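Following: one structure in structure tokens, then a few remarks.
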Amino acid sequence: MHNIYLKLNKHIQTALDSAFPEEAAHAKKEGNLLNPQLAKATKPEFGDFQINGVFSLAKTLRKPPRQIAEIIVKQLVKSDDFNSFCLPPEIAGPGFINLTIQNNYLTKELISLLTDEHLGVPFATENSDDKSESVIVDFSSPNIAKEMHVGHLRSTIIGDSLARILSFRGHNVLRLNHVGDWGTQFGMLITHLKRVAPQALEKANVVDLGDLVEFYRQAKKKFDEDEYFQTCSREEVVKLQKGNNESLQAWKLLCAQSRKEFQNIYDRLDIDLCERGESFYNPFLSDVVEDLQKSGLLVQDAGAQCVFLDGFKGKDGNPLPIIVKKRDGGFNYATTDLAAIRYRLKSKPNGDGASRVIYVTDSGQASHFAGVFQIANLAKWVPQGCLLEHVPFGLVQGEDGKKLKTRSGKTIRLKDLLDEAIERAKADLERRLLEEGRVESQEFIAKVSTTIGIAAVKYADLSQNRITNYQFSFNKMLSLQGNTAPYLLYALVRIAGINRKGGNFDLKLTYPQFTEPQEWALVREILKFDDVILEVEKELLPNRLCTYLFELSQIFNRFYDQLPILKSNEPSLSCRLMLCRLTGDILRKGLHLLGISTLERM
RNA sequence: GGACCGGUAGCUCAGCUGGAUAGAGCAUCUGCCUUCUAAGCAGACGGUCGAAGGUUCGAAUCCUUCCCGGUUCACCA
């Protein structure tokens with residue numbers, strides 16, 4: 001109802017201007033407008049919208065709120081256009097004005113959705129007020145030669161969903177996987193590789209490293225035990241940085257192997273990413289330091305090149321430096337992140353030309369990003385109107401409230417976690433089939449349990465406000481009741497069932513005539529999709545979309561339970577089928593925007 | 001100790017620029033399947049919104065102080 005909101009707001013604004021010309025003029029002089037504080041109604045009985053601004057007006061005008069409200073209402077109903085889509089406003093309580101949109105206007109909006117692939121959500125374009133932006137979403141970002149574990153789960157799932165939503169809105173989205181493909185750990189990895197598989201350096205693809213985690217563990221063990229190995233490793237880092245051929249070859253092999261393993265996970269999760277690791281920014285690191293030097297931000301402290309910022313203090317209360325060049329001349333992650341910011345904001349072809357950069361990482365990195373963002377601003381790398389945003393999220397905890405670990409205390413591999421979700425979904429499904437005496441093919445069972453398992457993991461994560469820590473529970477996420485993926489998928493399956501049994505309707509024949517409250521509740525909910533998407537785009541909180549989809553499903557299930565659909569007579573039959581179709585479209589689209597695939601039967 | 005984030009029903013959590021009587025789900029209890037998938041629906045029970053002050057016509061929401069939990073604080077990322 002985004003358009004309706006804008007239309008209403010304009011009407012109210014006009015009404016305020018004519019009802020209180022002096023106040024309006026005064027407000028305008030101050031550079032603002034009288035604020036009607038138009039908002040969505042907090043409860044269905046209050047209609048569709050409510051005006052909350054009467055009280056502050058009452059104060060400045062020194063008149064009772066209800067009197068002000070009456071003046072506004074009187075002014076509003078003078079407009080024929082207003083009366084053509086809104087019912088006469090009602091003054092309620094101490095001075096709220098409740099607004100209800102007319103039925104025929106709502107049905108008109110609803111019909112327009114039938115032919116709108118975007119389901120009412122505005123599409124940002126190059127030349128409009130609703131301007132399309134270049135957005136970078138930096139998410140997932142595992143480390144090369146390590147395995148993806150639960151720690152990567154939230155970033156990957158949340159980042160993917162945000163990227164999908166921003167693209168859907170019309171923005172040009174670059175999904176960057178800022179993998180950890182550079183750094184001191186490569187010294188030991190390359191040294192180890194050279195020892196166990198020297199042939200890998202001569203020919204490409206001759207060696208399958210298999211379990212990289214085990215490989216990493218072995219290398220680490222040697223590094224800790226063997227002094228000579230340590231020396232070689234350190235030398236190896238230097239060689240690599242200098243661009244030694246052999247070392248680069250080994251490095252590439254390790255990266256390729258990791259990439260293959262990451263890709264397995266991304267394929268299973270249906271996630272599309274553009275890999276651009278830390279190494280990409282190597283050529284720009286010294287420029288960063290130079291730039292900071294020029295802008296006078298750089299300070300030498302204890303041999304390191306640092307930037308000191310307001311509000312950054314250490315344990316002892318002394319100012320805390322952000323180091324951009326280490327005492328040994330090396331760079332660290334602050335430097336890389338600064339180089340990345342600079343590159344991403346620079347216009348093409350020397351950069352990405354982004355106007356919004358979103359970092360989806362755990363909240364533990366909040367102060368790091370606050371620091372580098374501040375430096376970027378001070379160094380004037382952030383053009384007017386460009387936005388750097390850290391999108392933090394909390395820890396994944398087990399049901400005991402502690403950091404999620406295996407029973408033996410190890411970090412849980414993402415692969416195992418997904419396998420278990422699917423396995424449990426399969427067990428649930430098979431139990432149900434048995435109970436209901438249904439027989440399904442192995443293929444069906446495999447597909448349904450995979451879809452449900454992955455959906456459950458994703459939805460459980462996304463449906464929670466990302467700021468807080470998140471308690472991971474297979475039982476809850478796979479639960480058949482409540483705000484879970486299976487519940488939403490089930491609503492869609494019901495709609496698909498209706499479609500199979502003759503759910504086609506001819507929309508030309510139908511001018512909808514809704515009569516039942518369950519129908520109207522569904523109509524109104526369907527029309528809220530655009531508001532929700534716009535909100536998520538701004539706040540970057542996918543859980544708002546989840547809440548909406550859950551409520552839509554609830555309202556649909558009520559409708560489905562309480563009214564006959566296929567067995568109703570015309571015109572109800574067509575009207576109800578139309579509601580099924582739109583509910584299905586929105587659920588499918590909404591779930592898709594969360595990165596969740598849907599089912600026809602389950 | 002400083003910074004940041006949390007504290008809302010027995011449990012897990014929503015709560016949008018401050019708005020009307022604080023919302024879900026789970027759990028517990030009570031109803032509803034000759035009918036489109038009951039993985040559903042209807043209802044009941046459940047609250048000093050961590051505490052105290054303050055701002056406001058109005059505070060879970062904003063400000064201050066305090067309590068509790070988490071994260072983080074110099075060359076790892």
Side-chain angles (χ1 to χ4, degrees), chain A residues 35 37 39-43 45-46 50 52-56 58-59 65 92-96 98 141 143 180 182-185 278 301-306 311-318 320-328 330-334 336-337 362-368 370 392 394-395 397 399 401 428-429 432 436 438 452 463-465 467-471 473 475-476 479-484 486-487 489-491 493-503 531-532 535 538-539 541 543-544 546-547 550-551 554 557-558 560-562 564-567 580 601-602:
Chain A
N35 187 1
Q37 298 179 36
K40 275 180 272 177
T42 50
K43 287 183 181 174
E45 55 267 37
F46 298 153
Q50 60 187 61
N52 293 330
V54 171
F55 303 101
S56 38
K59 192 120 196 263
F96 296 97
N98 292 337
S141 309
N143 283 323
W182 204 249
T184 41
Q185 81 270 24
E278 292 172 343
D301 190 81
Q305 305 289 326
C306 323
F312 283 77
K313 283 179 184 166
K315 281 180 194 168
D316 49 8
N318 292 328
L320 193 70
I322 290 171
I323 293 168
V324 295
K325 194 170 184 183
K326 297 188 286 182
R327 201 169 7 197
D328 65 6
F331 303 105
N332 59 13
Y333 78 128
T336 309
D337 277 342
D362 67 283
S363 41
Q365 298 191 53
S367 62
H368 163 69
L395 295 169
Q397 300 174 321
E399 281 177 274
D428 269 350
L429 176 64
R432 270 193 75 244
E436 295 170 17
R438 277 168 65 189
I452 292 180
S463 60
Q464 193 136 143
N465 186 321
I467 310 286
T468 52
N469 289 344
Y470 148 57
Q471 215 170 86
S473 160
N475 285 329
K476 279 182 186 153
S479 164
L480 316 169
Q481 294 107 0
N483 187 6
T484 62
Y487 181 92
L489 291 173
Y490 179 60
V493 161
R494 285 181 143 179
I495 293 169
I498 288 172
N499 287 340
R500 276 197 302 276
K501 295 188 179 168
D531 292 317
V532 174
E535 193 183 311
K538 203 169 88 195
E539 310 285 340
L541 290 172
N543 68 305
R544 299 265 165 88
C546 295
T547 303
F550 177 55
E551 279 166 5
Q554 274 185 315
N557 277 332
R558 222 163 281 156
Y560 177 93
D561 192 66
Q562 292 167 14
I565 299 169
L566 289 172
K567 286 181 182 158
C580 287
R601 294 197 306 124
M602 65 193 270

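Values in this document were obtained by computation on a predicted structure and should not be read as measured data. Lettering follows sequence order; numbering is per chain, from 1. The analysis underlying the following values was restricted to heavy atoms, covering all of them including side chains, and did not include hydrogens, waters or symmetry mates.
- Taking atom C1' on both B:G46 and B:A22, the two are 13 Å apart, rounded to the nearest angstrom.
- Side-chain contact check for A:Gln50 versus A:Asn98: some heavy-atom pair is nearer than 4.5 Å.
- A distance of about 16 Å separates the P atoms of B:C33 and B:A42, rounded to the whole Å.
- Between the side chain of A:Tyr333 and the base of B:A77, at least one donor-acceptor pair of N or O atoms lies under 3.5 Å.
- Residue-level contact check: A:Gly497 touches the backbone only, with heavy atoms under 4.0 Å from sugar-phosphate atoms and none from bases.
- By the criterion of a centre-to-centre distance under 5.5 Å and near-parallel planes under 30°, the ring of A:Tyr487 forms no stack with the base of B:A39.
- The same atom, C1', is picked in B:G69 and in B:A24; the two are 24 Å apart, to the nearest Å.
- Residue A:Gln185 is classed as having no contact, given no heavy-atom separation below 4.0 Å to the nucleic acid.
- Side-chain atoms of A:Phe550 lie closest to B:G25 of the nucleotides B:C36, B:G25, B:U72.
- Across all strands, A:Asp328 comes closer than 4.0 Å to no nucleic acid atom at all (heavy-atom distances).
- Using a 4.0 Å heavy-atom cutoff across all strands shown, A:Ala302 reaches at least one base atom of the nucleic acid.
- Protein atom CG of A:Leu320 is 10 Å distant from nucleotide atom C1' of B:G2, rounded to whole Å.
- Whole-Å rounding puts the A:Asn52 CG to B:U61 P distance at 17 Å.
- The CD1-C1' distance, from A:Ile467 to B:C13, rounds to 14 Å in whole Å.
- Taking 4.5 Å as the limit, some side-chain heavy atom of A:Asn557 sits within range of a side-chain heavy atom of A:Tyr487.
- OP1 or OP2 of B:G6 has not a single side-chain nitrogen or oxygen of A:Asn469 nearer than 4.0 Å.
- Between A:Asn318 and B:C73 there is no side-chain polar atom (N or O) within less than 4.0 angstrom of OP1 or OP2.
- Nucleotides B:U55 and B:G40, compared at atom P, are 49 Å apart to the nearest Å.
- Between A:Arg432 and B:A39 there is a side-chain polar atom (N or O) within less than 4.0 angstrom of OP1 or OP2.
- One cannot find a donor-acceptor pair under 3.5 Å joining the base of B:A24 and the side-chain atoms of A:Gln554.
- Put simply, the side chain of A:Leu429 does not reach to within 4.5 Å of the side chain of A:Ile452, judged on heavy atoms.
- Taking atom OH of residue A:Tyr560 and atom C1' of nucleotide B:A38, one finds them 10 Å apart after rounding to whole Å.
- As judged by a 4.0 angstrom heavy-atom cut-off over every strand, A:Ala39 is placed among the base-contacting residues.
- Among the heavy atoms of the strands lying under 4.0 Å from A:Lys567 are primed sugar atoms or P, OP1, OP2 only; no base atom is included.
- Residue A:His368 contributes atom NE2, which lies 10 Å from atom P of B:A77 at whole-angstrom precision.
- Where A:Asp362 and A:Glu45 each meet RNA chain B at their nearest nucleotide, the meeting point lying more 5' is that of A:Glu45.
- For the P atoms, the distance linking B:A51 with B:U61 amounts to 10 Å, nearest Å.
- Within the nucleic acid shown, A:Asp337 has no heavy atom closer than 4.0 Å to any nucleic acid atom.
- Rounded to a whole Å, the CG atom of A:Leu429 is 12 Å from the C1' atom of B:U37.
- Between A:Phe96 and A:Val54 the shortest side-chain heavy-atom distance does not fall below 4.5 Å.
- Atom CG of residue A:Asn35 and atom OG of residue A:Ser56 lie 7.0 Å apart, to the nearest 0.5 angstrom.
- Residue contacts for A:Gly317: at a heavy-atom cut-off of 4.0 Å it reaches no nucleic acid atom on any strand shown.
- Across all strands shown, B:A3 forms a Watson-Crick or G-U wobble pair, both distances under 3.5 Å, with B:U71.
- The distance from atom CG of A:Leu480 to atom P of B:C41 is 12 Å, rounded to the nearest whole Å.
- Residue contacts for A:Asn35: at a heavy-atom cut-off of 4.0 Å it reaches no nucleic acid atom on any strand shown.
- Residue contacts for A:Gln37: at a heavy-atom cut-off of 4.0 Å it reaches a base atom on one of the strands shown.
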Item to complete: Could you go through the side chain to side chain contact (heavy atoms under 4.5 Å, CB included) check for A:Leu395 and A:Asp362 one step at a time?
Response: CA-CA 7 Å; A:Leu395 295 169; A:Asp362 67 283; 5.8 Å; no
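- Side-chain proximity of A:Lys315 to B:G15, B:U37, B:C73: nearest is B:C73.
- If you check every strand for non-hydrogen atoms under 4.0 Å, A:Ala92 touches a base.
- Rounded to a whole angstrom, the distance from the P atom of B:C5 to that of B:C62 is 11 Å.
- Among the nucleotides B:C41, B:A74, B:A20, the one closest to the side chain of A:Asp561 is B:C41.
- The side chain of A:Leu395 lies closest to B:G70, out of B:G70, B:G1, B:U37.
- Proximity of A:Arg544 to the phosphate of B:G15: a side-chain N or O atom is located under 4.0 Å from OP1 or OP2.
- Among the nucleotides B:A20, B:A39, B:G15, the one closest to any side-chain atom of A:Thr42 is B:A20.
- When the side-chain nitrogen and oxygen atoms of A:Tyr490 are compared with OP1 and OP2 of B:A38, one or more of them lie within a distance under 4.0 Å.
- With both pairing distances under 3.5 Å, B:G23 is matched to B:C13 as a Watson-Crick or G-U wobble pair.
- Of the side-chain N and O atoms in A:Gln464, one or more sit less than 4.0 angstrom from OP1 or OP2 of B:C13.
- Separating the OG1 atom in A:Thr547 from the CD atom in A:Gln464 is a distance of 10.5 Å, to the nearest 0.5 Å.
- A glycosidic torsion no more than 90° from 0 defines the syn conformation, and B:C33 adopts it.
- The aromatic ring of A:Phe96 is stacked on the base of B:A20, with the two ring centres less than 5.5 Å apart and the planes inclined by under 30°.
- Side-chain proximity of A:Pro321 to B:A42, B:U12, B:A74: nearest is B:A74.
- OP1 or OP2 of B:A42 sits under 4.0 Å from a side-chain N or O of A:Arg558.
- At the phosphate of B:G23, OP1 or OP2 sits under 4.0 Å from a side-chain N or O atom of A:Lys43.
- Residue A:Thr468 has no polar side-chain atom (N or O) positioned under 4.0 Å from OP1 or OP2 of B:G69.
- The shortest side-chain heavy-atom distance between A:Thr336 and A:Phe331 does not fall under the 4.5 Å cut-off.
- Here B:U17 presents its C1' atom at 16 Å from CZ of A:Phe55, a figure rounded to the nearest Å.
- A 3.5 Å limit on both hydrogen-bonding distances identifies no Watson-Crick or G-U partner for B:U55.
- Taking 4.0 angstrom as the limit, A:Gln481 places a side-chain polar atom (N or O) nearer than this to OP1 or OP2 of B:G40.
- Nucleotide B:A44 is matched to B:U28 when pairs are restricted to Watson-Crick or G-U wobble geometry with both distances under 3.5 angstrom.
- Note on A:Phe46: a base of the nucleic acid sits closer than 4.0 angstrom, heavy atoms only.
- In this structure, B:C49 forms no base pair with any nucleotide, since neither Watson-Crick nor G-U wobble geometry is met with both distances under 3.5 Å.
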